[in-house]
Number of protein chains: 2
Amino acid sequence: MAEEGTLESPGSSRVTDDACRDDRDPFQWDSREDCDVRQILDRIADKWSLLVISLLEERTMRFNELRREIDGISQRMLSVTLRHLERDGLVQRTIYPEVPPRVEYRLTPLACTLLGTIQSLVHWTEEHQEEIARARAEFDRSAGA
Amino acid sequence: MAEEGTLESPGSSRVTDDACRDDRDPFQWDSREDCDVRQILDRIADKWSLLVISLLEERTMRFNELRREIDGISQRMLSVTLRHLERDGLVQRTIYPEVPPRVEYRLTPLACTLLGTIQSLVHWTEEHQEEIARARAEFDRSAGA
DNA sequence: CAGTATCCTTGCTGATACTG
DNA sequence: CAGTATCAGCAAGGATACTG
């Protein structure tokens, strides 16, 4: 059984409710667990989603193609991740009725609006990895000594 | 695409460690599991880190202050998350030798260079949450029916 | 207040086997 | 090729109790 489960109904939590903006500062985003923002953020920032989106940015890809490109991902997790992204409207799945079967994945326009941000994130990481490595070494030396 | 928080990269090609990039396409980031980029990305994009960084963006905060603001976080996970962020050089921990003890957390300059990107991410999520909710409803109706 | 230590449950994850 | 189904292992996460 897929651990998909049925999430709550679409209209269950809308930020526009006054109940959602009671004790929060206006400049701060709603951080409650049941809020949409948290759920979506957890989804796109999970272990594999960023990787998949980054790869699909460049071109349409097939299942095993993605599998080969993403080091360490299992068949199951790629399947689950793609399904999640498809459900969120970020990835479009196209089945070509051929033999052998061919399925291609591509980013939706919605996902394309997210690409810039993801690039920034990856870019930041690449640029500061040494700085972070140094901070870690420093921390470990101070605390672990 | 409206690129709001585009912190454009100063000196993008200056990833001095070339050992990490050998057989990948130049436009694609290294996706191997043992690569720093993957590890750091997993760290800053985890369940709680984004939340903590967002809250600290605004001001210095104390432990229980953060705990109160972040709905659903346990004392343990806040402690672990803060420790991770501190180790990565993103959060600075300051102890004031008072009674009762006071400890304050603030973002480091390194973390501040990441704020734009995080804001973009949160902003994107806020702006597209309804669209995603609709996509989910559509998906569930088609598949789950 | 600001944590750490411990235990225990959840659910993520990967390996394997099987279907269309 | 493109997956789903099932199961087992392990680590993340939460609850509780305790320390400085």
Side-chain angles (χ1 to χ4, degrees), chain A residues 1-7 31-34 38-39 41-52 55-56 60-87 91-106 139 143-144, chain B residues 32-34 38-39 41-52 55-56 60-87 91-106 139 143-144:
Chain A
M1 85 155 90
E3 67 292 311
E4 194 64 43
T6 51
L7 273 71
S31 60
R32 259 157 305 177
E33 264 191 309
D34 58 343
R38 278 277 292 275
Q39 291 180 11
L41 223 43
D42 279 358
R43 171 59 37 82
I44 63 179
D46 81 341
K47 188 178 174 64
W48 302 113
S49 294
L50 280 177
L51 225 27
V52 170
L55 282 171
L56 288 180
T60 295
M61 292 182 83
R62 302 177 64 176
F63 188 87
N64 279 331
E65 223 174 350
L66 282 165
R67 189 151 145 61
R68 277 190 299 273
E69 289 292 330
I70 304 176
D71 183 54
I73 197 171
S74 67
Q75 196 175 26
R76 186 181 118 84
M77 287 319 297
L78 179 55
S79 181
V80 169
T81 301
L82 285 170
R83 186 58 68 101
H84 281 159
L85 291 174
E86 186 192 357
R87 179 171 184 265
V91 158
Q92 183 179 3
R93 183 170 175 267
T94 308
I95 311 175
Y96 297 91
E98 304 174 352
V99 180
R102 185 161 61 96
V103 178
E104 290 194 340
Y105 295 91
R106 55 169 301 205
F139 183 87
Chain B
R32 266 160 303 177
E33 265 191 310
D34 56 345
R38 279 276 292 273
Q39 291 179 11
L41 222 43
D42 279 357
R43 172 60 33 87
I44 63 178
D46 80 340
K47 188 178 176 63
W48 302 113
S49 294
L50 279 177
L51 227 26
V52 170
L55 282 171
L56 288 180
T60 295
M61 293 182 82
R62 301 175 65 174
F63 188 86
N64 279 332
E65 220 172 353
L66 282 166
R67 188 152 146 61
R68 276 190 300 273
E69 289 291 330
I70 304 177
D71 181 54
I73 197 170
S74 66
Q75 195 174 28
R76 186 180 119 85
M77 286 319 295
L78 179 55
S79 181
V80 169
T81 301
L82 285 170
R83 187 57 67 102
H84 280 159
L85 291 174
E86 187 192 357
R87 179 171 183 265
V91 159
Q92 183 179 3
R93 183 170 175 267
T94 309
I95 310 173
Y96 297 91
E98 304 174 352
V99 178
R102 186 161 60 96
V103 179
E104 290 193 341
Y105 294 91
R106 55 170 300 209
F139 182 87

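Here is how names work: the chains are called A, B, and so on, in the same order as the sequence lines, proteins then strands, and each is numbered from 1. Every heavy atom of this structure was used, including side-chain atoms; hydrogens, water molecules and symmetry mates were not.
Counting heavy atoms from C-beta outward, Leu51(B) and Leu66(B) have side chains that stay 4.5 Å or more apart.
Remark: P of dG3(C) and CZ of Arg68(B) are 13 Å apart, rounded to the nearest angstrom. The separation between Gln75(A) atom CD and dC12(C) atom P is 19 Å, rounded to whole Å. In this structure, Asp42(B) atom CG and dC12(C) atom C1' are separated by 13 Å, rounded to whole Å. In this structure, CG of Leu82(B) is placed 11 Å from C1' of dA2(C), rounded to the nearest angstrom. Across the protein-nucleic acid pair, Arg76(A) atom CZ and dT16(C) atom P stand 15 Å apart, rounded to whole Å. Rounded to whole Å, the distance from OH on Tyr96(A) to P on dG3(D) is 13 Å. Note: CG (Leu78(B)) to C1' (dA12(D)) measures 16 Å, nearest angstrom. Whole-Å rounding puts the Phe63(B) CZ to dT19(D) C1' distance at 14 Å.
Contact annotation: Ser74(B) side-chain N/O to dG13(D) OP1/OP2 distance is not under 4.0 Å. The side chain of Tyr105(B) places no N or O atom within less than 4.0 Å of a non-bridging phosphate oxygen (OP1 or OP2) of dC1(C). Here Arg62(B) reaches the OP1 or OP2 of dA2(C): one of its side-chain N or O atoms lies under 4.0 Å away.
Checking side-chain atoms of Ser49(A) against main-chain N and O of Leu85(A) turns up no donor-acceptor pair under 3.5 Å. Between the side chain of Thr81(A) and the main chain of Met77(A), a donor-acceptor pair closer than 3.5 Å is present.
Pair assignment for dG20(C): dC1(D), on the basis of Watson-Crick or G-U wobble contacts that are both within less than 3.5 Å.
Nucleic acid contact for Arg67(B): none, since no nucleic acid atom lies under 4.0 Å from a heavy atom of the residue.
Considering Arg106(A), Glu69(A), Glu104(A) in turn, Glu69(A) is the only one that fulfils the side-chain contact (heavy atoms from CB on, under 4.5 Å) rule with Met61(A).
For Pro101(B), the side-chain atoms get nearest to dG20(D) when compared with the rest of dG14(C), dT4(D), dG20(D). Here the side chain of Arg102(B) is nearest to one of dG3(D), dA2(C), dG13(D), namely dA2(C).
Along DNA chain C, the nucleotide nearest Met77(A) and the nucleotide nearest Val80(B) are compared for position; the residue whose nucleotide lies closer to the 5' end is Val80(B).
Cation-pi geometry between Arg87(A) and Phe139(B) is not met: the NZ or CZ atom fails to fall both under 6.0 Å from the ring centre and inside 45° of the normal.
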